Peer 1: 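Here's a structure for you.
Only a predicted model underlies this, so the values are computations on that prediction, with no experimental measurement involved.
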Amino acid sequence: MPAAPQFQSEFLKTFAARGAYYDCSAPQDLDALFGRERVTAYIGFDCTADSLHVGNLVQLMTLRRIQQAGHKPILLMGGGTTKAGDPSGKDETRQLLTNEQIEHNKQSILSGIRHLLKFGDGPSDAILVDNAEWLDKLEYIPFLREVGRHFSVNRMLTMDSVKLRLDRDQPLSFLEFNYSIMQAYDFVELYKRYGCRLQSSGSDQWGNIVSGIELGRRMEGAQLFGLTTPLITTASGAKMGKTAAGAVWLNANRVSPYDYWQFWRNTEDRDVGRFLRLFSDMPQAEIARLEILEGAELNEAKKVLATEATAILHGRAAAEAASETARRAFEEGVTAEGLPTVSARLPDGILNLAVAAGLAASNSEARKLIINNGLKLNDTAVSDPRLTVDSSALNKDGVLKLSSGKKRHVLVRPL
């Protein structure tokens, strides 16, 4: 990971100090631009699912930091590029979605994230744009003549998103091959419409960003810039945002505020300070105080991280409620109101119930939990993976309490 330059502008200095900097095109020029004028910058998100996940959170926080520093963020939704599919990091061609599915996903994504930014008509208010506005209207031959002629197939074949797929003898459709051109054109279109000078993204998108910078120079004679964030892994090397039950989604209907709080509460010791810098708005001095704590005090710092990260996404009230629910469940040992709840038909096998509760991604993972004494039913360890659970196991509240370890609890209500 390249060392961050000594930036002078407020935004880039804060961005680097919080550990979000990975690389930048023309860093001195971009630093000077941020120092002398209000910069318009964008980050794009395709609509391949109905929610973004924690892996997208660094980019969302980048837009938030841009706005906090007085600059203007553009949240670009990929209603157009989703129709092609980004081949980056994928071994197989993405499933083609219908226009209706893409629109549903877009609206669902926005419901979960748009409150992270302030939208409006003010100088630094965020702009919401969908690239289908221009990509859907392109005429094929004119587009090839005006834009496609600026791209070298030789160079495109060397881009990681293409090369990795070909090296693995995995199919790459001509539709996907065009994705880089479409993303580059987005940058130029946003420059023409809004004066956008900067695209930010994860480091895996560097090739696509550079293509946009070069296209802006060739078509408009403009100096555009790229700024990337690192791909976040935990201190132990695991990919950020992955759990035994799957991805940590940002929409509350996919992952409840309580489970989201628990995800951050379970942060590894060595990651507490780093994640507070990346995923909270806490002052740097307070983070520096918290990250040097040890033992039980460090656990309190993890609770602060969980509450602050949850408050940014779900609101302060939901974060405080999740914190209190956790306190009652763990410290008082009660079946606390506010725990995540699922419904299931009884009788059913304990493996099926563990999967339905989101405590395991599959029956085999649930079986491993039981073998390792990690699954509890009503606070009693389950020893038999063949156990059938019926209504006689319901507690006085008429529910089952399933637990994975000491920190994850879900209530199961009978249908």
Peer 1: Taking the side chain as everything from C-beta on, heavy atoms only, tell me whether His71 gets closer than 4.5 Å to Ser124.
Peer 2: no
Peer 1: Over all heavy atoms of both residues, which pair between Met282 and Ser280 is shortest? Give the atoms and the distance, please.
Peer 2: N-OG, 3.2 Å
Peer 1: Any side-chain donor paired with an acceptor under 3.5 Å for Gln183 and Gln199?
Peer 2: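 A donor-acceptor contact under 3.5 Å links the two side chains.
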Peer 1: Got a donor-acceptor contact below 3.5 angstrom from the Lys401 side chain to the Lys376 backbone?
Peer 2: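 Absent.
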Peer 1: When Phe143 is tested against each of Trp134, Phe151, Tyr185 for ring pair (Phe, Tyr, Trp, His ring centres under 6.0 Å), which residue passes?
Peer 2: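 That would be Tyr185; it is the only one of Trp134, Phe151, Tyr185 passing the ring pair (Phe, Tyr, Trp, His ring centres under 6.0 Å) with Phe143.
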Peer 1: Does either side chain, that of Glu268 or that of Thr234, offer a donor lying less than 3.5 Å from an acceptor on the other one?
Peer 2: yes
Peer 1: I'd like to check Tyr179 versus Asp46 (side-chain heavy atoms, cut-off strictly below 4.5 Å). Are they in contact?
Peer 2: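 Sidechains of Asp46 and Tyr179: in contact.
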Peer 1: With distance as the sole test, does Asp31 use its side chain to make a donor-acceptor pair with the main-chain N or O of Gln28 at under 3.5 Å?
Peer 2: no
Peer 1: Looking only at the aromatic ring of each residue, does the gap between the centers of Trp264 and Phe279 stay below 6.0 angstrom?
Peer 2: yes
Peer 1: Is the shortest side-chain N to carboxylate O distance from Arg64 to Asp281 below 4.0 Å?
Peer 2: yes
Peer 1: Starting at CG of Asn253, measure out to CG of Asp50 and round the result to the nearest 0.5 Å.
Peer 2: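 Between atom CG of Asn253 and atom CG of Asp50 there are 6.5 Å.
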Peer 1: Between atom CG of Leu128 and atom CG of Asp130, what is the distance when rounded to the nearest 0.5 Å?
Peer 2: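 If I round to the nearest 0.5 Å, the distance is 8.0 Å.
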Peer 1: How long is the span from the CD atom in Glu10 to the CZ atom in Phe34, to the nearest 0.5 Å?
Peer 2: 10.5 Å
Peer 1: Would you find a donor on one side and an acceptor on the other, under 3.5 Å apart, between the side chain of Ser211 and the backbone of Gly207?
Peer 2: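 Judged by distance alone, yes, a pair lies under 3.5 Å.
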Peer 1: Can a donor-acceptor pair be found, under 3.5 Å and without considering hydrogens, that links the side chain of Gln101 to the backbone of Thr98?
Peer 2: yes
Peer 1: For the pair Lys303 and Glu300, find out whether any cationic side-chain nitrogen is under 4.0 Å from an anionic carboxylate oxygen.
Peer 2: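 A salt bridge is present here (some side-chain N lies under 4.0 Å from a carboxylate O).
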Peer 1: Has the side chain of Asp348 got a donor or acceptor atom that lies under 3.5 Å from a matching backbone atom of Leu353?
Peer 2: no
Peer 1: May I ask you to check whether Tyr42 and Phe187 place their ring centres under 6.0 Å from each other?
Peer 2: yes
Peer 1: To the nearest 0.5 Å, what is the distance between NE2 (His53) and CG (Asn251)?
Peer 2: 12.0 Å
Peer 1: Considering non-hydrogen atoms only, spot the tightest contact between Thr307 and Ser323 and give its length.
Peer 2: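 Heavy atoms of Thr307 and Ser323 come nearest at OG1-CB, 3.9 Å.
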Peer 1: Tell me the closest heavy-atom pair linking Pro73 and Ile66, and the distance in Å.
Peer 2: N-CG2, 4.2 Å
Peer 1: Assess the side chains of Asp259 and Gln262: does a donor N or O sit below 3.5 Å from an acceptor N or O?
Peer 2: no
Peer 1: Closest heavy-atom contact between Ser25 and Phe225?
Peer 2: OG-CA, 3.4 Å
Peer 1: Does His150 reach the side chain of Met219, with side-chain heavy atoms less than 4.5 Å apart?
Peer 2: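 Answer yes - side chains close enough.
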Peer 1: Would Asp29 and Arg197 pass as an ion pair if we require N to O under 4.0 Å?
Peer 2: no
Peer 1: Identify the residue among Leu110, Thr82, Ile102 that makes a side chain to side chain contact (heavy atoms under 4.5 Å, CB included) with Met77.
Peer 2: Leu110
Peer 1: Is it the case that more than 12 heavy atoms not belonging to Glu286 sit under 6.0 Å from its CD atom?
Peer 2: yes
Peer 1: With rounding to the nearest 0.5 angstrom, report the OG to CG distance, Ser364 to Leu351.
Peer 2: 9.5 Å
Peer 1: Do you know which two heavy atoms are closest between Ala41 and Leu63, and how far apart they sit?
Peer 2: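 Looking at all heavy atoms of both residues, the shortest contact is O-CD2, 4.4 Å.
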Peer 1: Is the shortest side-chain heavy-atom distance between Trp249 and Leu52 below 4.5 Å?
Peer 2: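 Trp249 does not reach Leu52 side chain to side chain.
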Peer 1: How about Arg316: does its CZ atom have over 12 heavy atoms from other parts shown lying under 6.0 Å from it?
Peer 2: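 Count over threshold, so yes.
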Peer 1: Can a salt bridge be assigned to the pair Glu214 and Arg218 using a cut-off of 4.0 Å between side-chain N and carboxylate O?
Peer 2: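 Salt bridge between Glu214 and Arg218, a charged N being under 4.0 Å from a carboxylate O: no.
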Peer 1: How long is the straight-line distance from CG of Asp23 back to OG1 of Thr228, given to the nearest 0.5 Å?
Peer 2: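 That separation rounds to 5.0 Å.
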Peer 1: For the residue pair Gln59 and Thr229, confirm or rule out a side-chain donor-acceptor distance under 3.5 Å.
Peer 2: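 Yes, side-chain donor-acceptor contact under 3.5 Å.
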Peer 1: Please work out which of the three classes, parallel, tilted or perpendicular, describes the rings of Tyr21 and Phe15, given edges at 30° and 60°.
Peer 2: perpendicular
Peer 1: Just by modelled atom types, is the Pro414 backbone N or O under 3.5 Å from a matching donor or acceptor in the Ser343 side chain?
Peer 2: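 No; zero donor-acceptor contacts below 3.5 Å.
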Peer 1: Looking at every heavy atom in both Ser51 and Arg254, which two are closest together, and how far apart are they?
Peer 2: CB-CG, 4.2 Å
Peer 1: Give a yes or no on whether the backbone of Leu293 and the side-chain of Glu297 come within a donor-acceptor separation of less than 3.5 Å.
Peer 2: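 No; zero donor-acceptor contacts below 3.5 Å.
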Peer 1: Considering only heavy atoms from C-beta outward, does the side chain of Val272 approach that of Leu290 to under 4.5 Å?
Peer 2: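 Sidechains of Leu290 and Val272: no contact.
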Peer 1: Considering only heavy atoms from C-beta outward, does the side chain of Arg265 approach that of Leu305 to under 4.5 Å?
Peer 2: no
Peer 1: Does some side-chain heavy atom of Leu97 sit less than 4.5 Å from a side-chain heavy atom of Lys83?
Peer 2: no
Peer 1: Apply the salt bridge (Lys or Arg N to Asp or Glu O under 4.0 Å) test between Glu291 and each candidate in Arg270, Arg274, Arg277; give the one that qualifies.
Peer 2: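 It is Arg277, the one option of Arg270, Arg274, Arg277 that forms the salt bridge (Lys or Arg N to Asp or Glu O under 4.0 Å) with Glu291.
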Peer 1: Val58 versus Tyr22: any side-chain heavy-atom pair under 4.5 Å?
Peer 2: no
